[in-house]
Amino acid sequence: MSAQHALPSTGMSGYNFAYLDETSKRAIRRALLKAVAIPGFQVPFGGREMPMPYGWGTGGIQVTASILGPDDVLKVIDQGADDTTNAVSIRNFFKQVAGVASTTRTTEATIIQTRHRIPETALRNGQILVFQVPIPEPLRFIEPSESETATMHALGDYGVMHVKLYEDIVRHGRIATRYAYPVEVNGRYVMDPSPIPRFDNPKLHMNPALLLFGAGREKRLYALPPYTRVVSLDFEDHPFEIPRWKSACAICGSTESYLDELIVDDRGTRHYVCSDTDWCETRSAAGERTT
Amino acid sequence: MSALSCDTLPESRARQRADVDKGFPENLAETAPPRPAWAAESPLLQAEHVTHLFGPEQGCQDVSFTLYPGEVLGLVGESGSGKSTLLAALSGRLPPEAGHVRYRDGKDWLDVHALGEARRRTLLRTEWGFVEQNPRDGLRMSVSAGANIGERLMAQGARHYGKLRQAALDWLCRVEIDPDRIDDAPGRFSGGMQQRLQIARNLVSCPRLVFMDEPTGGLDVSVQARILDLLRNLVRELGLAVVLVTHDLAVARLLADRLMVMRRSRIVEAGLTDQILDDPQHPYTQLLVSSILKV
Amino acid sequence: MDAILKVSGIGKRFVLHRAQGTVLTVLEGIGFALFPGECLVLSGHSGAGKSTLMRILYGNYLASHGSIRIRHGGEWLEMVGAEPRQILALRRHTIGYVSQFLRAIPRVTALDVVMEPALLRGYARKTAQWKAETLLARLNIPERLWHLAPGTFSGGEQQRINIARGFIAPWPVLLVDEPTASLDETNRRVVLDLIAEAKAAGSAIIGIFHDRAAREAVASRFLDLENACAHIEGDAFHAA
């Protein structure tokens, strides 16, 4: 976490360390403390304007900016990859405004900001994963009124979540929700885990790392403290399942990671590769050493 | 969660009647189910001096009555007489300015407006039902008919898709909707079908008390008849207590055991349905009854 | 034998607020006791208040004063001032009524109309249906009509449906208002048999019979309303 004094130079005059002013950071950290204290509960916060449009991860960036300290090592991924535009831009932003070290290695990072994935490499206690969240409200799809959804959360009135899953089975013969699959946190709040694939849902359960969620447009924060119980909603006769691929990763041969589909020629030949680039590279490197 | 359809409930709720029926063992020999003593003797809902006014004589004032299990009470009167306000106050939607609404839950009497929001909501979607005049207000138009029926069960913790589906199919049959339409959105249904779906959605949890606000109000006459017939049968089969708001005295005659006539926020006359319609006492009721076209 | 019904000092006054508060006194000082197994026939000219008295006894009209006590489930119940649900319980168990006209409900079949009182009484559906079919057959309603709604039936057919409905369950007290009015000789005979059987089974019957022969056939006693009322035709309120 950033100290409030003796901040190192960022190399850019006119900006505070990590872009946000200290008062704003403190306000956000307070909201985060509340979020940690009530796992899965959406805490409103006074979202600040960031030098990028909504949808680019302004919620996650504010969270990262508020918890970032000079000694942190930052990793930024988008769809699991360190080298996509969004990831590169955000990493460069923090390098510029905070001057912190960055890495692509999951194991080396102290803070990982992510969009759409949880790294395949198991996180450890002490690491913080910051999620960028577009729509934090899991009940929004069925109940547009904000005051009504707040009441529903307050009362644990969650029958409609299963209505959504029921509709899935009606339309697709199974629960077809592939992203943002709703979870129940610590036996209390229903939470949208951000648009991670449901493949990643089991990683939320009892994760040793601190998981923070920031929604910039909707100005909401929520959190899963380390080792929180997280259950994916389902039906007895349609239990939650994670997808499996028939193929292995074309690069590293992994059969247990989340795979992206690539079409590699004009004839529609498909290849599957790990979406988590760090995981894939690490395995490939290890594979080269052993073979 | 065990009870997914009313068929699994003990028979005791069917044809449940008040204590006035006691002492007829010879007539009831074939069905007479054991019932807890308090259930037979006690009212289900009690209104005590319920008052909520929006202006002079607008709303309802000083309304008191007692409703017994299995009783159908019709609230009649012209538009603006305060029927809907009273219904809202009775059903816990509108806190009255004065008076109390009490509901008996087992042996305990609950003050409906002093309940916590959580308890009130649970009551509303388990033991109570509310059939809106416009089915669009009572249905979730964005999800399928089956999901509409299953919602209450899911809210009560039903987590078996197959059983939810079976309950939905059963109820579609009971309200005379082709079971093949289970996966259709209610928007593709006719007005009459939507109303029947709304009824199924409410009754699936086997409520004891159902509030109805002009349930046939917006429908064609031919469609009305079908719904009235359906309601009449369901009310009997399930032993439902009903508070029915209608301005249509023919509907009241068909469904209600007794009537309360409202005028300018007050109950001006109350009694047995036949008696109110055949021998009205109050000048306003006489006017109301004599205004019906007889065909 | 104990009476089943004790009526004393019954009077009926209609206050017609729509006609400048005109007061019509239809019945005054009616009193009688009714015993199981007898048939009391109300007599008096048209408009003497026979149907009004029937409707008071069934709870459709409120008595202006007096007392109507009826033995209901082993206890005496005062009908004047009774709660609606007490009247409804009376109608389920103790008082049956064969009115002059059938109130047809759209979509409800003849069979269901007839079965209804039995089902309300708590009979099993099978038993009720068997009884209904037996009665409909006896009253010569063709089987093809049983599963149709009686709204479109002829007057005589509707009346026979109404009669079947009235006789499907045994009643301690049975009110019959002109049950033979629009029937042919064969069916008139069936109805008189039904009444005789009910009497023999211990029902106390109060009847209005326009037809003199029918009246003589079933009456145990007569109650003359000739001097008990002012002159008004039929349904006082609606006539006003």
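If you're wondering where the values come from, they're calculated on a predicted model, not measured in any experiment. Just so it is clear: chains get the letters A, B, ... in the order the sequence lines come, proteins before strands, and each one is counted from 1.
Interface remark: Ile87(C) contributes side-chain atoms only to the contact with chain B (heavy atom separation under 4.5 Å). For Arg226(B), the parts lying under 4.5 angstrom from a heavy atom of chain C are both the backbone and the side chain. Using a 4.5 Å cut-off between heavy atoms, Arg125(C) makes no contact with chain B at all. Of the atoms belonging to Gln281(B), heavy atoms from both backbone and side chain fall under 4.5 Å from chain C. For Lys12(C), the part lying under 4.5 angstrom from a heavy atom of chain B is the side chain only.
In this structure, the side chains of Arg236(B) and Glu116(C) come closer than 4.5 Å at one or more pairs of heavy atoms. Put simply, the side chain of Arg103(C) reaches to within 4.5 Å of the side chain of Arg253(B), judged on heavy atoms.
Here the CG atom belonging to Leu272(B) is positioned 4.5 Å from the CZ atom belonging to Arg91(C), to the nearest 0.5 angstrom. Annotation: the span from Arg232(B) atom CZ to Arg107(C) atom CZ amounts to 11.0 Å, rounded to 0.5 Å. Atom OH of Tyr284(B) is separated from atom CZ of Arg18(C) by 11.5 Å, given to the nearest 0.5 angstrom. Atom CZ of Arg85(C) is separated from atom CD of Glu71(B) by 6.5 Å, given to the nearest 0.5 angstrom.
Side-chain atoms of His17(C) do not come within 3.5 Å of backbone N or O of Leu287(B) as any donor-acceptor pair. Looking only at distances, no side-chain donor or acceptor of Asn60(C) sits under 3.5 Å from a matching main-chain atom of Asp274(B). In this structure a side-chain-to-backbone donor-acceptor pair under 3.5 Å is present from Gln286(B) to Val15(C).
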ask   = Taking it one step at a time, do Leu62(C) and Gln275(B) satisfy side-chain contact (heavy atoms from CB on, under 4.5 Å)?
value = CA-CA 7 Å; Leu62(C) 292 178; Gln275(B) 180 261 301; 3.4 Å; yes

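Counted within 6.0 Å of CH2 on Trp109(B), heavy atoms from surrounding residues, nucleotides or ligands total more than 12; the atom is thus considered enclosed. Within a 6.0 Å radius of NE2 in His65(C), more than 12 heavy atoms belonging to other residues, nucleotides or ligands are found.
Nearest heavy-atom pair across Asp279(B) and Phe14(C) is OD1-CE2, 3.5 Å. The shortest non-hydrogen separation linking Pro84(C) to Gly271(B) is CG-C, 3.9 Å.
Residues passing the side chain to side chain donor-acceptor pair (under 3.5 Å) test with Glu178(C): none are found, sequence neighbours excluded. In this view, Trp146(C) satisfies the ring-ring contact (aromatic ring centres under 6.0 Å, His included) rule with no residue, not counting sequence neighbours.
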